[in-house]
Amino acid sequence: MFSLQLEIFILILIGFILSKLGYFSADTRKQLTNIVLWIVLPCATIQSFEIEVDQDLLISMALVFLISTGIQGVYWIFCKTCWNKIYDDRKISLQYGTMVSNAGFMGMPVTQSAFGSTGLLYASIFLIPQRICMWSYGISLYSNGQNRKEVVRKVLTNPCIVAIYIGVVLMILGMFDIHLPDFLDSTIAAIGDCNTALSMIVIGGILSDVPKDQIWDKLSLSYSGLRLIGIPIILFLILDCLPIDSMVRNVCVLLSAMPAASTTAMLAQRYEKDPEFASKIIFVSTLFSMVTLPFIFLLLERF
C-alpha cells in the first residue's frame with residue numbers, strides 16, 4: 001500500500017519538475033488531458049469489465065453492486081450539504097471530489113494487495129456505479145453553464161460512458177466464453193495501463209502553477225478529513241450493522257477511503273474551473289491517505 005502511494009507521488013513529482021523546467025507547458029497539459037479523457041480512461045474502463053464471473057460469486061457481486069449504489073447516495077448527501085458556503089469554482093471540484101474517489105486506478109491494486117483476487121473482483125463491481133456517476137453527474141457539475149439537453153447528450157455520448165456500454169457487453173459475453181481477439185485486448189490493456197502515469201504527471205504539471213503557500217489551505221484539509229476519515233468510518237458503522245460477509249464490507253469501506261480522483265483535475269482543466277485548486281485537493285488528500293489508508297485497513301482487520 002505504501003509502495004503504491006509512493007509511486008503516485010513520484011509520478012506527480014515528475015510532472016511538477018518537467019513543468020518547472022519548461023518542458024510541460026499549459027497547452028501541452030491541456031492536450032494530454034484530452035488524450036487521457038478521450039482515449040486512455042475509456043480503455044482503462046473497458047479493461048476493468050473484463051473479469052471472470054464465477055456463478056458462485058454472483059450473489060456476492062450483486063450485493064457489492066447494491067452497496068456501492070447506496071454509497072453513491074451517501075456521497076451525494078455529503079456533496080449537497082458540506083460545501084454550501086463555497087460560491088466559486090472550488091465548490092465544483094469539492095462536490096465532484098466528494099462524489100468520486102480515486103477507487104479506480106489506486107483502489108483496485110490496493111484492494112488486490114489487501115484481499116487477493118476475490119477483493120479485486122469485488123472492486124471491479126464496486127466501481128460500476130461510481131463510473132456511471134463520474135461521467136454523468138460529475139460532468140454535469142462542470143458543465144453547469146450548458147443547456148440541460150446538451151449536457152445529457154454529451155454525458156450519454158461521453159467516451160467513458162460509451163466504454164461502460166462496451167464493458168458491460170464484454171462482461172456478459174465473457175460469461176459465455178466469448179472474448180475479444182488477443183491483439184485487440186492487448187492494445188486496450190496497453191493504453192489503459194498508461195492511466196495512472198499520465199494522469200499523475202498531468203496533475204504534477206498543474207500543481208506547479210499553485211503558489212507553495214496556498215497548498216495547505218483550510219479547505220483542502222477539511223476536504224481530506226471528510227474524504228479519508230469521515231465518510232469511510234460512517235460507512236463502516238452502517239455496514240457493520242448489516243448481515244453481510246466481512247469481505248464484502250471490508251472491500252466497500254476500503255474503496256470509500258480513497259483520496260480525490262485524478263479526474264477532478266482533468267475535468268477542472270478541461271472546463272477551466274480552477275484546476276489549481278482541484279490539483280491541491282488531490283495532492284493533499286493523496287498525501288494524507290498514506291497514513292489514513294493503513295489506519296482504515298487495521299480497523300477493518302480488527303473488527
Side-chain angles (χ1 to χ4, degrees), residues 30-53 61 64-65 68-69 72 75-76 92 95-97 99-108 120-121 123-176 178-199 202 255 261-273 278:
K30 185 172 290 188
Q31 291 171 341
L32 190 55
T33 296
N34 286 332
I35 291 173
V36 171
L37 291 176
W38 284 81
I39 299 176
V40 178
L41 267 176
C43 285
T45 300
I46 292 172
Q47 189 182 7
S48 73
F49 280 88
E50 295 185 301
I51 53 179
E52 294 291 335
V53 179
M61 290 166 60
V64 170
F65 180 84
S68 178
T69 302
Q72 290 301 135
Y75 288 167
W76 185 83
I92 297 173
Q95 289 181 315
Y96 181 87
M99 198 74 188
V100 179
S101 73
N102 206 11
F105 66 83
M106 185 174 175
M108 293 186 74
L120 181 62
L121 175 63
S124 300
I125 300 300
F126 181 93
L127 285 169
I128 295 174
Q130 176 167 295
R131 291 188 188 281
I132 294 172
C133 288
M134 178 188 296
W135 300 112
S136 55
Y137 179 73
I139 289 181
S140 71
L141 285 172
Y142 285 99
S143 308
N144 57 1
Q146 300 181 18
N147 178 274
R148 185 175 294 274
K149 289 184 178 180
E150 183 67 12
V151 170
V152 171
R153 184 188 67 81
K154 287 189 174 183
V155 166
L156 293 178
T157 58
N158 181 273
C160 284
I161 288 293
V162 173
I164 291 176
Y165 306 152
I166 297 172
V168 170
V169 171
L170 291 176
M171 185 170 65
I172 294 172
L173 290 176
M175 297 173 66
F176 300 95
I178 301 174
H179 305 283
L180 290 174
D182 288 342
F183 74 91
L184 185 57
D185 190 45
S186 298
T187 302
I188 292 173
I191 296 173
D193 288 343
C194 298
N195 181 33
T196 300
L198 291 181
S199 298
V202 169
L255 288 172
S262 60
T263 47
T264 310
M266 297 288 179
L267 291 173
Q269 177 83 53
R270 172 69 178 80
Y271 291 98
E272 300 180 350
K273 301 291 186 180

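Here, residue 1 is the first one in the sequence, and each next residue gets the next number.
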Q.
Ignoring hydrogens, what is the shortest heavy-atom contact between Met99 and Cys133? Give both atom names and the distance.
A. CE-SG, 4.2 Å
Q: Looking only at non-hydrogen atoms, find the nearest pair between Ser199 and Val36 and report the distance.
A: OG-CG1, 3.8 Å
Q: Just jot down the side chain to side chain contact (heavy atoms under 4.5 Å, CB included) partners of Phe65, sequence neighbours excluded, or say none.
A: Thr69, Ile125, Ile128, Pro129
Q. Looking at CG of Leu127 and OG of Ser68, how far apart are the two atoms once the value is rounded to the nearest 0.5 Å?
A. 7.0 Å
Q.
Restricting to side chain to side chain contact (heavy atoms under 4.5 Å, CB included), what partner residues turn up for Leu32, sequence neighbours left out?
A. Phe24, Ile35, Leu198, Val202
Q. In chain order, what residues pass the side chain to side chain contact (heavy atoms under 4.5 Å, CB included) check against Phe176, with sequence neighbours excluded?
A. Ile172, Ile178
Q. CZ/Arg270 to OG1/Thr33 distance, rounded to the nearest 0.5 angstrom?
A. 10.0 Å
Q) Judged by modelled atom types alone, do Asp182 and Ser186 share a side-chain donor-acceptor pair under 3.5 Å? A) no
(Q) So which atom in Pro159 and which in Pro42 form the shortest heavy-atom distance, rounded to 0.1 Å? (A) CB-CG, 3.7 Å
(Q) I need the Leu141 CG to Lys273 NZ distance, nearest 0.5 Å. (A) 10.5 Å
Q.
If I compare all heavy atoms of Ser101 with all of Leu255, which pair ends up nearest, and what's the gap?
A. OG-O, 3.6 Å
Q.
Using side-chain contact (heavy atoms from CB on, under 4.5 Å), reason through Leu173 and His179 one step at a time and then give a plain yes or no.
A. CA-CA 7 Å; Leu173 290 176; His179 305 283; over 6 Å; no
Q: State, to 0.1 Å, how close Val40 and Ile191 come at their nearest heavy-atom pair, and which atoms those are.
A: CG1-O, 3.4 Å
**Q.** Spacing of Phe126 atom CZ and Gln72 atom CD [to the nearest 0.5 Å]
**A.** 7.0 Å
Q: State which residues pass side chain to side chain contact (heavy atoms under 4.5 Å, CB included) with Asp185; sequence neighbours excluded, sorted by chain then number.
A: Glu50, Leu180
Q. Measuring from Leu37:CG to Ile139:CD1, what's the distance to the nearest 0.5 Å?
A. 8.0 Å
Q) Where is the tightest heavy-atom contact between Asn102 and Ser262, given as atom of each residue plus distance? A) OD1-N, 3.9 Å
Q) What's the verdict on side-chain contact (heavy atoms from CB on, under 4.5 Å) for Tyr75 and Val100, showing C-alpha distance, side-chain angles and the deciding distance? A) CA-CA 8 Å; Tyr75 288 167; Val100 179; over 6 Å; no
Q: Working to the nearest 0.5 Å, report the span between CE of Met266 and CG of Asn34.
A: 10.0 Å
(Q) Please enumerate all residues that pass ring pair (Phe, Tyr, Trp, His ring centres under 6.0 Å) together with Tyr96, with sequence neighbours excluded. (A) Tyr142
Q. Under the side-chain contact (heavy atoms from CB on, under 4.5 Å) criterion, do Thr45 and Ile161 qualify, and how do the steps go?
A. CA-CA 9 Å; Thr45 300; Ile161 288 293; over 6 Å; no
